[in-house]
Every structure is written in structure tokens, then in C-alpha cells.
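Just below is one structure, and these are the notes that go with it.
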Amino acid sequence: MTADTQLDATFAALANPTRRAILARLADGPATVNDLAQPFDMSLPAISQHIRVLQKAGLIERSQTAQFRPCTLNAAPLAEIADWTEQYRHFWTARFDALDTALAKLKDHSND
């Protein structure tokens with residue numbers, strides 16, 4: 001998978017709030033599909049579909065321990081997103097600096 005394809009798959013997987021909640025749960029440690037499905041009002045096949053999307057994007061891995069197949073978080077694609085967004089940091093920093101300057105001027109004018 002190319003870097004652009006990986007980013008596309010990761011962003012597409014993260015676009016859904018259920019999948020983001022599943023990842024947040026997996027940040028606490030491995031979980032079974034039943035564990036992951038518990039807080040949601042949806043069927044196991046629907047949860048399994050979300051898991052397949054996350055797995056295809058490389059965000060989760062499934063292992064097999066006896067009859068269990070727990071899911072674990074793979075944060076590497078998230079690190080790739082962080083690296084990608086880092087190239088835009090100077091834009092936000094400049095905007096925050098400009099906002100800070102504008103707020104300081106407003107404060108000075110209100111104290112006059």
C-alpha cells in the first residue's frame with residue numbers, strides 16, 4: 001500500500017464515529033468483538049463490518065488465542081497521520097500568533 005493509499009484508508013476509517021470509539025476502546029488494551037460491540041446498539045455483523053474496515057486500514061490487528069480472536073490497536077497509521085499533519089504546523093502556528101497579537105491589541109484598547 002502506498003503512503004497516499006494508506007492515508008486515504010486511515011482517514012476513511014476514522015471518518016466514522018463508531019470506528020473511532022472502537023479505536024478508543026482498543027487504546028485501553030485488546031478486546032474481543034463481543035467486548036467491542038457491548039456499548040453499541042447494533043448487531044454483531046455491523047460491528048464486525050466496522051472491525052473489517054479498521055483492519056483493512058491497518059488500524060487494528062487480530063490474533064488467535066485458542067478460540068478467541070482479540071483485536072488490538074495498531075497505532076502506526078495514526079503516526080503517519082501525525083507526520084502528514086506536521087507539515088502544516090507552521091500555518092497554524094502563524095495563525096495562533098496572529099490571533100494572540102490581535103487579542104493583545106484588543107486588551108490594550110479596552111484598558112485605555
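Contact detail for T85 and W92: the closest heavy-atom pair is O-CZ2, 3.8 Å. Closest of all the heavy-atom pairs between S110 and K107 is OG-O, 2.9 Å. Between T10 and P77, the shortest heavy-atom distance links the atoms OG1-CB, 3.5 Å. Of all heavy-atom pairs spanning I47 and A37, the tightest one is CG1-CB, 3.7 Å. Nearest heavy atom pair, residue L59 against residue L73, reads O-CD1, 3.5 Å.
A distance-only check finds a donor-acceptor pair linking the side chain of R20 to the backbone of A15 [under 3.5 Å]. Between the side chain of N74 and the backbone N or O of E61 there is no donor-acceptor pair closer than 3.5 Å. Within the 3.5 Å criterion, the main-chain N or O of L36 finds no donor-acceptor partner in the side chain of R25. Counting only distance, with no hydrogens or angles, the side chain of R19 and the backbone of A13 share a donor-acceptor pair below 3.5 Å.
Here CG of L26 is found 8.0 Å from CD1 of I51. Values are rounded to the nearest 0.5 Å. Atom OG1 of T93 is separated from atom CG of D100 by 12.0 Å, given to the nearest 0.5 angstrom. In this structure, R95 CZ and D97 CG are separated by 12.0 Å, a value rounded to the nearest 0.5 Å.
Between I60 and H50, every side-chain heavy-atom pair lies at or beyond the 4.5 Å cut-off. Using a 4.5 Å cut-off on side-chain heavy atoms (C-beta onward), I81 and L7 make contact.
R52 and Q49 are linked by a side-chain donor-acceptor pair at a separation below 3.5 angstrom, with hydrogens and angles left out of the test. Counted by atom type alone, T32 and D35 present one or more donor-acceptor pairs between their side chains at under 3.5 Å.
Linking ILVMFWY residues whenever their side-chain heavy atoms come closer than 4.5 Å, directly or via other members, leaves V53 and L14 in distinct clusters. By the criterion of side-chain heavy atoms lying less than 4.5 angstrom apart, applied directly or through intervening Ile, Leu, Val, Met, Phe, Trp or Tyr residues, L99 is not grouped with F91; the two fall into different hydrophobic clusters.
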